[in-house]
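All chains are named by letter (A, B, ...) in the order of the sequence lines, taking the proteins before the strands, and each is independently numbered beginning at 1.
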There are 2 protein chains.
Amino acid sequence: MKFSTKSTYGLRAMIRLAENWKKESLSLSVIAKSENISQKYLERIFARLKTAKLIESEKGAGGGYKLSRSPSKINILEIIDALEGKFAPFHCYTKSGKVVCSTSCNCGVTLVLNRIQTGIEDSLRNMSLNQLK
Amino acid sequence: MKFSTKSTYGLRAMIRLAENWKKESLSLSVIAKSENISQKYLERIFARLKTAKLIESEKGAGGGYKLSRSPSKINILEIIDALEGKFAPFHCYTKSGKVVCSTSCNCGVTLVLNRIQTGIEDSLRNMSLNQLK
DNA sequence: AATAAAACCAACTAAATTAGTAGGAGATAA
DNA sequence: TTATCTCCTACTAATTTAGTTGGTTTTATT
């Protein structure tokens with residue numbers, strides 16, 4: 001198991017925006033440059049964060065991004081979910097592609113998967129962006 | 001975040017071995033056939049489980065695999081770690097490849113990563129193989 | 001009005017990882 | 001000596017991740 005650069009970059013950028021909370025917007029170019037991240041790649045990461053309504057944007061010269069709410073109201077779990085995608089809905093498949101069981105079945109694999117998911121959720125749920133730097 | 005087939009197959013196979021605990025060894029061909037998994041792929045998955053000393057093998061005709069200890073003494077966390085690998089030791093890199101910070105630093109990204117890791121560990125630590133079916 | 005700086009958008013490429021194959025060698029019971 | 005098994009290495013195919021390329025649109029500033 002690993003942490004993708006997507007999450008790493010996204011989190012770092014969100015921490016930058018948190019530091020800038022209540023000030024003017026921060027542009028992608030500034031963040032990318034100072035964090036040493038490919039600007040174009042960061043663009044797509046920001047698209048995810050925006051879809052999840054965690055950030056807002058202003059177009060045009062002088063524009064940029066800012067958090068859509070106070071850092072204390074932004075949950076780390078939301079950020080990770082937005083960046084990495086939720087734990088995939090799980091299915092056991094036979095070789096023929098037929099679904100044998102789903103998330104709601106109570107086989108061992110599903111049970112373990114659900115535990116891991118709630119384990120992650122519980123650990124991040126009450127951690128908010130203002131706690132990071 | 002997703003659960004690879006490696007984990008799915010590996011867990012299913014371990015559950016099969018647990019059902020067979022105290023009986024004769026189960027061969028790869030039997031497990032692969034009944035679980036509808038590529039035998040050659042399962043072979044490599046079993047190699048990981050063996051390296052982790054979770055299973056033992058007997059070569060030759062009539063041979064096969066069995067758990068190395070009672071299912072109640074096998075932790076699900078051990079299985080997942082063996083199959084999926086531990087959470088990768090984490091580093092922040094600059095574009096030039098220079099390490100900026102490591103697992104022991106206390107930046108936000110590392111803090112989140114460590115939380116996720118302990119979240120998973122805590123959720124699986126006291127779940128053993130005999131609880132699954 | 002022209003320009004520059006910004007978000008936004010789509011399609012491509014490169015690298016890495018995952019999932020699986022192919023083709024054996026060596027061990028062992030029947 | 002043969003069939004059944006583990007074990008080993010090297011390959012391929014598919015998918016995902018990590019970017020790149022080349023724009024369009026929006027907006028403040030000159």
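Considering only side-chain N and O atoms, B:Tyr9 lies nowhere under 4.0 angstrom from the phosphate OP1 or OP2 of C:dA19. Note on B:Thr5: a side-chain N or O is less than 4.0 Å away from OP1 or OP2 of C:dA19.
Applying the side chain to side chain donor-acceptor pair (under 3.5 Å) rule to B:Thr5 yields no partners; only residues at least two apart in sequence or on another chain are considered. Legend: residues meeting side chain to side chain donor-acceptor pair (under 3.5 Å) with B:Asn20, ordered by chain and number and at least two apart, are absent. Not counting sequence neighbours, the partners of B:Lys50 by the side chain to side chain donor-acceptor pair (under 3.5 Å) test are B:Ser57. Legend: residues meeting side-chain contact (heavy atoms from CB on, under 4.5 Å) with A:Ser29, ordered by chain and number and at least two apart, are A:Ser27, A:Gln39. In this structure B:Ser4 satisfies the side chain to side chain donor-acceptor pair (under 3.5 Å) test together with B:Glu84, sequence neighbours excluded. Annotation: side-chain contact (heavy atoms from CB on, under 4.5 Å) contacts of B:Lys59 (sequence neighbours excluded): none.
Distance B:Phe3 CZ to C:dA19 P: 11 Å, rounded to the nearest Å. Between the CD atom of B:Gln39 and the C1' atom of D:dC7 there is a distance of 12 Å, given to the nearest Å.
Listed by first and then second residue, the ring pair (Phe, Tyr, Trp, His ring centres under 6.0 Å) pairs that reach into residues 113-133 of chain B come to none, sequence neighbours excluded.
You'll find that the side chain of B:Tyr65 is closest to D:dC7, out of D:dA18, D:dC7, C:dT21. Each of C:dA19, D:dC7, C:dC8 was ranked by its minimum atom distance to the side chain of A:Ser57; first place goes to C:dC8.
Under the 4.5 Å side-chain criterion, counting only non-hydrogen atoms from C-beta, A:Leu113 is not in contact with A:Val109.
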Would you tabulate the pairs of protein nitrogen or oxygen atoms and nucleotide nitrogen or oxygen atoms of nucleotides 8-13 of chain D closer than 3.5 angstrom?
from	atom 1	to	atom 2	distance (Å)
D:dC8	N4	B:Glu43	OE1	2.8
D:dA10	N6	B:Arg44	NH1	3.1

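At the heavy-atom level, B:Phe46 lies nowhere under 4.0 Å from the strands shown.
The stretch residues 25-33 of chain A does not touch DNA chain D, since none of its heavy atoms comes less than 4.0 Å from the strand.
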Hey, can you pull the donor-acceptor pairs under 3.5 Å for the side chains in residues 125-133 of chain B, sequence neighbours left out?
from	atom 1	to	atom 2	distance (Å)
B:Arg125	NH2	B:Asp122	OD1	3.0
B:Ser128	OG	B:Asn130	OD1	2.6
B:Ser128	OG	B:Gln131	NE2	3.3

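Closest approach of B:Glu43 to B:Lys40, counting heavy atoms only: CB-O, 3.1 Å.
A:Arg44 CZ to A:Leu49 CG: the interatomic distance, rounded to the nearest 0.5 Å, is 13.0 Å.
Taking the screw axis at each terminus of the helix from C:dA1-D:dT30 to C:dA30-D:dT1 from five consecutive base pairs, the angle between the two is 0° to within rounding of 10 degrees.
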- Task: Verify side-chain hydrogen bond (donor to acceptor under 3.5 Å, both in side chains) between B:Glu58 and B:Ser25, making sure each step is shown before the conclusion.
- Result: CA-CA 8 Å; B:Glu58 281 175 294; B:Ser25 298; 2.7 Å; yes
- A correct 5'-to-3' footprint of nucleotides 25-30 of chain C, with B, S and - meaning base, sugar-phosphate only and no protein heavy atom under 4.0 Å, is --BBS-
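Just one residue in the list A:Lys53, A:Lys86, A:Arg69, A:Arg48 forms a salt bridge (Lys or Arg N to Asp or Glu O under 4.0 Å) with A:Glu78, and that residue is A:Arg69.
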